Amino acid sequence: MTTTSERTSPAERFQAIIDADEKIEPSDWMPEGYRKTLIRQIAQHAHSEVIGMQPEGNWITRAPTLERKAILIAKVQDEAGHGLYLYSAAETLGVTRDELVELLHTGAQKYSSIFNYPTLTWADIGAIGWLVDGAAITNQVMLTRTSYGPYARAMVRICKEESFHQRQGYEIMLRLCNGTPEQKAMAQDAVNRWWWPALMMFGPHDSESTHTNQSMEWKIKRISNDDLRQQFVDMTVPQAEYLGLTLPDPELRWNPERGHYDFGEIDWDEFWQVVKGHGPMNRDRLEHKIKAWEDGEWVRDAAAAYAEKQQARRAASRTGG
Amino acid sequence: MTTRDRITSRAPQGSVPVFDGDPLFLYLVRHADDNLILAQRLSQWVSWAPELEEDIALANLALDFLGVARALYTYAGEVEGRGRTEDDLAMLRTEREFTNVLLVEQPNGDFAHTMARQLFFDAYQLGLWEALSSSADATLGGIAAKALKEARYHFRHSSTWVIRLGDGTEESHRRMQAGIDALWRFVGELFVGDDVEAAMVEAGVGVDPSTLQEAWEERVSDVVSQATLSVPDDPFQRMGGRVGFHSEHLGHLLAEMQWMQRAYPGMEW
């Protein structure tokens, strides 16, 4: 049975692309819900990269060696680049970066809750690279196969850099764990504080997740929260063993029947508290971001005014004025 | 070293520099210090820039200066021959042992202050690296040749911003002029040589900084006039960085930068 494109509706063509595992492109028709979901998700992802610059930037000026300082600056710079890349992907859906930044500043859009925890010691930079970037990669590898073309392509590039970051984080942890007892204790303390928040990054249980079903049908999301979380735990436990660190979960053990690690229950009260704005650093992160934006307003205004003057000058010189 | 008292004359009567040694070592370290301290200042901008693109640009600058500092410290450590590493030199010397120029340790201030500092220093490094590219010391020449490529980009970045801000809005013009006025007293130091430089010039290794001044003035005055700004006519110039006689800002910068190595001595990171 053949159907000509004149006879199929836009909605049918959209579904056919999804069913064929092909990519939706910006010029394709898409359901309004699909567009909104993507804008929300890509913007949240972009905001996370940008807010994520703060906890790690917190250690740039105190990095213990010049090499570590260089690596950390480059990493935070990559995050700014990821933010730009993702804002551009969101802009293909008909919003501007300035609109999205405004939504972040007013709290209408969120960023990943993980960045609402403070980086207290140098070991936190290792733990973030290892656990937080590790969790992010688990999610992002899935997103390289997401149904929206610009988002999927952004993810391919971002994943390459993220896996580099994760190796660097793990390397920091390895150095600490092979160091003095003081350094090892610093590493253990960081893992104690970051393990559960890293597990929370995958979001609520599938049974509680409001967006999961529709997103799975649209192939925006291709693996459920709980399955991704399990993947991450299975990947990370052997790494922790190699480091000689204890993950702070007494229920964590290998389950030979399932072929996976069993692990304890997330403290969902803490999870929702942080989501709703009452994590240790929610207020600080947003205030920092808004202050940077407001302090920079005169610079952005000046750049715009100068560009206008230049344009007027060029126009005047063309007309011989 | 016949010109030793010319150095101390810039610090208060009676003060004696706390460093001594091979002129090549001292020469490498002072330039490394310039680059490290500026990198540290620029890295303080990360996540505070006026826009995301500028966060990336400022981080890039910090990385470039840090890279040059590391190459120079590593080479200085080899020249010294006492087994000191780049981190020993960066993290375990005191305020009085740092010999960077005062300009680079000045606080970031607003974006205009940072761009004024950058314009002055980038214009200086353009001449410096160009001259040192043909150093009789091949290692230094190689570092300089690589740094020169970066300096061209740095100068383009800072001069573009100074022009935009100077010729932008009324507020940006006022702020850009204030930045230039505030930092002008630190530019003279860039061009005053001492016995370390004299020894390096004689060996064909270094450059007499006074020979860099004319081209610097041309570059800077061209940018400043395009920006509809002016330079102050106050002749006062503050000196002392090269003999470890710093502003009060440096100690705080080092306290932060060196914290880990001071708190956890002798560990691997």
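Naming: A, B, ... by sequence-line order, numbering from 1 per chain. Small disclaimer: the values here were computed from a predicted structure and weren't measured.
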Any donor-acceptor pairs between chain A and chain B, under 3.5 Å? If so, list them.
| from | atom 1 | to | atom 2 | distance (Å) |
| --- | --- | --- | --- | --- |
| B:Gln40 | OE1 | A:Lys69 | NZ | 2.8 |
| B:Gln40 | NE2 | A:Thr61 | O | 2.9 |
| B:Ser47 | O | A:His288 | NE2 | 3.2 |
| B:Ser47 | OG | A:His288 | NE2 | 2.9 |
| B:Pro50 | O | A:Arg300 | NH1 | 2.8 |
| B:Glu53 | OE1 | A:Arg97 | NH1 | 3.3 |
| B:Glu53 | OE1 | A:Arg97 | NH2 | 3.4 |
| B:Glu53 | OE2 | A:Arg97 | NH2 | 2.4 |
| B:Ile56 | O | A:Gln77 | NE2 | 3.0 |
| B:Asn60 | OD1 | A:Gln77 | NE2 | 2.9 |
| B:Asp87 | OD1 | A:Leu66 | N | 2.8 |
| B:Asp167 | O | A:Lys309 | NZ | 2.9 |
| B:Asp167 | OD1 | A:Lys309 | NZ | 3.1 |
| B:Asp167 | OD2 | A:Arg313 | NH1 | 3.0 |
| B:Asp167 | OD2 | A:Arg313 | NH2 | 2.9 |
| B:Gly168 | O | A:Lys309 | NZ | 3.0 |
| B:Glu256 | OE2 | A:Thr61 | OG1 | 2.6 |
| B:Gln261 | NE2 | A:Pro64 | O | 2.8 |
| B:Glu268 | O | A:Gln183 | NE2 | 2.8 |
| B:Trp269 | O | A:Arg68 | NE | 2.6 |
| B:Trp269 | O | A:Arg68 | NH2 | 3.0 |

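- Of the listed residues (A:Ile51, A:Val101, A:Val76, A:Val299), the greatest number of heavy-atom pairs within a distance under 4.5 Å of chain B belongs to A:Val299.
- Among residues two or more places apart in sequence or in another chain, the side chain to side chain contact (heavy atoms under 4.5 Å, CB included) test is passed with A:Ala187 by A:Met173, A:Leu176, A:Cys177, A:Leu245.
- Using a 4.5 Å cut-off between heavy atoms, A:Ala63 contacts chain B through its backbone alone, with no side-chain atom that close.
- With a 4.5 Å cut-off on non-hydrogen atoms, B:Met257 touches chain A through its backbone and its side chain both.
- Taking chain B as the reference chain and counting heavy-atom pairs below 4.5 Å, the highest number among A:Leu72, A:Ile172, A:Leu66 is found for A:Leu66.
- Rounded to the nearest 0.5 angstrom, A:Ile73 CD1 and B:Leu42 CG are separated by 9.0 Å.
- In terms of heavy-atom pairs under 4.5 angstrom with chain B, the leader among A:Ala305, A:Gly296, A:Ala80, A:Gly179 is A:Ala80.
- Both the backbone and the side chain of B:Ala112 come within less than 4.5 Å of a heavy atom of chain A.
- Ranked by non-hydrogen atom pairs under 4.5 Å with chain A, the options B:Ile56, B:Leu36, B:Val46 are led by B:Ile56.
- For B:Leu66, the part sitting under 4.5 Å from any heavy atom of chain A is the side chain, from C-beta outward, and nothing else.
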